[in-house]
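These numbers come from a predicted model, not from an experiment. Just so it is clear, the values below take in all heavy atoms, side chains as well, and ignore hydrogens, waters and symmetry mates.
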Amino acid sequence: SYVGMSFIFPLIFRQLILPRIPGPLRLPKTETTSSMQPVMRQDESLVPIYTCILLVVRRQEQPLSTPVGLIRQNKNRRRNKVGKLILVTGGARSGKSSFAEKYATIHGRKIAYVATAEIRDEEMRYRIDLHKQRRPETWKTYEAPLDPNQAIRQAAADGNDLILFDCLTLYLSNLLCQPDLPADLQQQHDHIQGKITELIRSIKACNSTVVIVTNEVGAGIVPENALARQYRDLSGLANQAIAREAADVYLVACGLPLNI
């Protein structure tokens, strides 16, 4: 097989052929006869063959620069899920929301904005105002801190061809802070994951492209309290669930987006 030959051939080359190559593939000096005609030595006639063999072996030994399996998996995902869901993720102040807004401006004609934040203090008011200042006045905003499914359905029914949902992790935070959340940890996980499943179904049911903004919250140290650890775990699981259904996933760092 090709795999076997790729292993055996370089070994044979090193043990039997490489020692016969004069110098580092330098042409050997030619000998002359009394008539001053150059006479080709026996090894010299094989130098072009040695050169070709060495190039082939070196090419076979070069490591793959890209993970081929991962690229194929991503291509299959894009081929199966065309343009329905876009996920934009990144850390705090990474530029993910700005990128998502620019993406919506470029790819959407009539754009809806599903907001999950609520004004609970002056800091949150300041952050919400920053987002509002960036958004064009032509965008219609749907406030949906706890029920984004209804907001997405309504936005699609209103004729918006692109819906920007900002953000997924704040929606999870709202769910975790509800007084009717089950007390049992496993039941809480099941409840939140059920909400994410409902969100994915709502997105699949509409004809609009949906851009979801989320956060990468699991790259730091392990949080010291149970609620923060639960939030970290649920955010990671939710991001994975959305990414599996997405046509494209963008990771934003330092204001630079990377399509992964």
Side-chain angles (χ1 to χ4, degrees), residues 84-101 104 112-121 123-128 130-131 141-155 163-206 210-246 248-253 260:
K84 285 292 294 183
L85 175 60
I86 308 296
L87 180 64
V88 180
T89 185
R93 287 293 185 266
S94 61
K96 58 186 181 298
S97 291
S98 297
F99 168 74
E101 291 161 6
Y113 187 94
V114 176
T116 58
E118 292 182 296
I119 300 177
R120 296 181 180 273
D121 53 34
E123 180 184 357
M124 184 57 72
R125 183 186 302 275
Y126 168 74
R127 292 175 178 272
I128 291 175
L130 288 179
H131 283 259
T141 301
Y142 297 80
E143 302 286 348
L146 293 173
D147 190 9
N149 304 311
Q150 176 60 31
I152 288 173
R153 289 192 292 267
Q154 186 60 52
I163 301 170
L164 177 54
F165 179 93
D166 195 351
C167 69
L168 178 65
T169 41
L170 189 53
Y171 170 54
L172 294 177
S173 177
N174 295 339
L175 293 176
L176 285 173
C177 294
Q178 292 305 298
D180 58 347
L181 187 71
D184 180 73
L185 186 62
Q186 184 58 52
Q187 291 179 356
Q188 291 179 9
H189 277 244
D190 294 341
H191 174 73
I192 300 297
Q193 290 179 339
K195 293 291 185 180
I196 298 303
T197 300
E198 292 177 9
L199 177 63
I200 293 174
R201 288 174 181 169
S202 298
I203 293 172
K204 288 183 175 181
C206 73
V210 179
V211 180
I212 292 184
V213 179
T214 189
N215 285 270
E216 289 297 323
V217 299
I221 62 174
V222 177
E224 65 175 354
N225 63 83
L227 179 60
R229 291 192 296 272
Q230 183 184 12
Y231 173 70
R232 175 204 59 184
D233 294 345
L234 288 172
S235 297
L237 294 172
N239 289 347
Q240 291 184 51
I242 298 294
R244 283 193 294 268
E245 302 297 331
D248 284 297
V249 179
Y250 291 92
L251 173 64
V252 183
I260 58 175

Practice task
Test side chain to side chain contact (heavy atoms under 4.5 Å, CB included) on Y250 and I86 and set out the steps.
Solution key: CA-CA 8 Å; Y250 291 92; I86 308 296; 3.9 Å; yes
Problem - Residues Y142, I163; criterion side chain to side chain contact (heavy atoms under 4.5 Å, CB included); working and verdict - result: CA-CA 10 Å; Y142 297 80; I163 301 170; over 6 Å; no
Practice task
Please lay out, stage by stage, how L199 and I152 fare under the test side chain to side chain contact (heavy atoms under 4.5 Å, CB included).
Solution key: CA-CA 9 Å; L199 177 63; I152 288 173; 3.6 Å; yes
Exercise for the section: Could you walk me through whether L234 and L176 pass the side chain to side chain contact (heavy atoms under 4.5 Å, CB included) test, one step at a time? Expected result: CA-CA 10 Å; L234 288 172; L176 285 173; 3.8 Å; yes
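Qualifying side chain to side chain donor-acceptor pair (under 3.5 Å) partners for Q187, counting only residues two or more places apart in sequence or in other chains: none. For E143, the salt bridge (Lys or Arg N to Asp or Glu O under 4.0 Å) criterion is met by no residue, not counting sequence neighbours. For E123, the salt bridge (Lys or Arg N to Asp or Glu O under 4.0 Å) partners two or more places apart in sequence, or in a different chain, are R127. Taking I119 as the reference, R125, I128 meet the side-chain contact (heavy atoms from CB on, under 4.5 Å) condition, with sequence neighbours excluded. Partners of R229 by side-chain contact (heavy atoms from CB on, under 4.5 Å), not counting sequence neighbours, listed by chain and number: V222, P223, A226, R232.
Considering SG of C167 and NZ of K96, their distance stands at 7.0 Å, rounded to 0.5 Å. Note that CD1 of I192 is 5.5 Å distant from CG of L181, once rounded to the nearest 0.5 Å.
Distance alone, capped at 3.5 Å, places no donor-acceptor pair between the T214 side chain and the T89 backbone. Checking side-chain atoms of K195 against main-chain N and O of L175 turns up no donor-acceptor pair under 3.5 Å.
Counting only heavy atoms from C-beta outward, the side chains of L168 and N239 approach each other to under 4.5 Å. Contact annotation: the side chain of I242 approaches that of L85 to within less than 4.5 Å [non-hydrogen atoms, C-beta and beyond]. With a 4.5 Å cut-off on side-chain heavy atoms, E245 and K204 count as touching.
The shortest heavy-atom contact between V213 and A100 is CG2-CB, 3.5 Å. Considering every non-hydrogen atom in both P182 and Q188, the closest pair reads O-NE2, 2.7 Å. Nearest heavy atoms, S235 versus L172: CA-CD1, 3.7 Å. A pairwise comparison of heavy atoms in S97 and D166 identifies OG-OD2, 2.9 Å as the closest pair. When all heavy atoms of A241 and I200 are compared, the pair lying nearest together is O-CD1, 3.8 Å.
Residue pairs meeting the side-chain hydrogen bond (donor to acceptor under 3.5 Å, both in side chains) criterion with at least one member in residues 169-178, sequence neighbours excluded: T169-N215.
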